[in-house]
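Throughout, protein chains are lettered first and strands after them, A, B, ... in sequence-line order, and every chain is numbered starting at 1. Owing to the predicted nature of the structure, the values given are computational and were not obtained by experimental measurement.
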Amino acid sequence: DAGVTQSPTHLIKTRGQHVTLRCSPISGHKSVSWYQQVLGQGPQFIFQYYEKEERGRGNFPDRFSARQFPNYSSELNVNALLLGDSALYLCASSLRGAGAYNEQFFGPGTRLTVL
Amino acid sequence: DAKTTQPNSMESNEEEPVHLPCNHSTISGTDYIHWYRQLPSQGPEYVIHGLTSNVNNRMASLAIAEDRKSSTLILHRATLRDAAVYYCILSPSNSGNTPLVFGKGTRLSVIA
């Protein structure tokens with residue numbers, strides 16, 4: 001079975017530009033979360049979506065937005081890019097069911113470089 | 001969010017057991033202890049989790065102190081493939097509903 005997939009793998013942008021990152025969850029998973037990982041740090045939570053609705057937001061500015069589509073795939077958008085947005089952006093999917101443990105499955109990430 | 005404290009780095013010889021410690025003195029009664037690891041150039045992957053009792057799975061064992069203020073991830077025989085950053089995370093949920101709060105983790109090096 002395919003795991004979580006993300007595209008593109010790498011991306012180079014300049015300051016002030018806009019970027020869209022894409023994520024396809026594992027088949028059957030309805031919850032998608034986005035994380036930002038700056039070099040040398042652990043991943044930091046940005047957004048969680050479930051059934052196309054935002055269910056959680058981390059401490060990130062309004063330049064960051066996301067959405068989830070009917071097929072449960074998701075997009076992360078970042079406007080007015082800053083140098084500090086350079087990072088690995090990770091997508092994670094989970095079943096989001098009550099009761100049994102539902103681990104988060106991470107994709108390989110998109111490496112964004114802002115020049 | 002509850003905090004965890006882990007050593008920045010550890011080193012192990014191949015095929016030796018590895019004990020990765022985690023302190024979480026402010027853990028609440030409903031917090032689960034999760035361990036994820038991140039191999040080079042990959043996203044994090046689930047290792048193990050527990051609440052109060054020690055846990056074993058095919059990847060590792062989790063030993064939880066009686067007062068729950070600390071825990072230890074045990075890799076029984078380290079291999080080169082186990083070289084990764086290991087994250088100890090507290091979460092008030094055992095499901096995928098709650099975002100994971102990662103610290104800096106412990107970078108494990110395995111020597112052949």
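Panel note: side chain B:Y87, backbone A:P43; no donor-acceptor pair is recorded below 3.5 Å. Judged purely by atom type and a 3.5 angstrom limit, A:Y35 has no side-chain atom pairing as donor or acceptor with the backbone of B:P99.
In the displayed structure, B:D67 atom CG is contacted under 6.0 Å by more than 12 heavy atoms of other residues, nucleotides or ligands. The environment of B:K104 atom NZ is sparse: at most 12 non-hydrogen atoms of other residues, nucleotides or ligands sit within 6.0 angstrom. Counted within 6.0 Å of CG on A:N59, heavy atoms from surrounding residues, nucleotides or ligands total 12 or fewer; the atom is thus considered open. Dense packing is recorded around CZ of A:R63, with more than 12 heavy atoms of other residues, nucleotides or ligands lying under 6.0 Å away. Within a 6.0 Å radius of CZ in B:R107, no more than 12 heavy atoms belonging to other residues, nucleotides or ligands are found.
Rounding to the nearest 0.5 angstrom, the gap separating the CG atom in B:L100 from the CD atom in A:E103 is 10.5 Å.
The two residues B:P44 and A:L90 make their nearest non-hydrogen contact at CD-CD1, 3.8 Å.
Most heavy-atom pairs under 4.5 Å with chain A: of the set B:E45, B:Q42, B:Q38, this distinction falls to B:Q38.
For chain B, no part of A:F47 is nearby; none of its heavy atoms comes within less than 4.5 Å. Heavy-atom distances place no part of A:Q6 under 4.5 Å from chain B, backbone and side chain included.
By the 4.5 Å heavy-atom criterion applied to side chains, A:Q104 and B:Y36 are counted as neighbours.
Grouping the Ile, Leu, Val, Met, Phe, Trp and Tyr side chains by contacts below 4.5 angstrom, directly or via other members, places A:Y50 apart from A:Y72.
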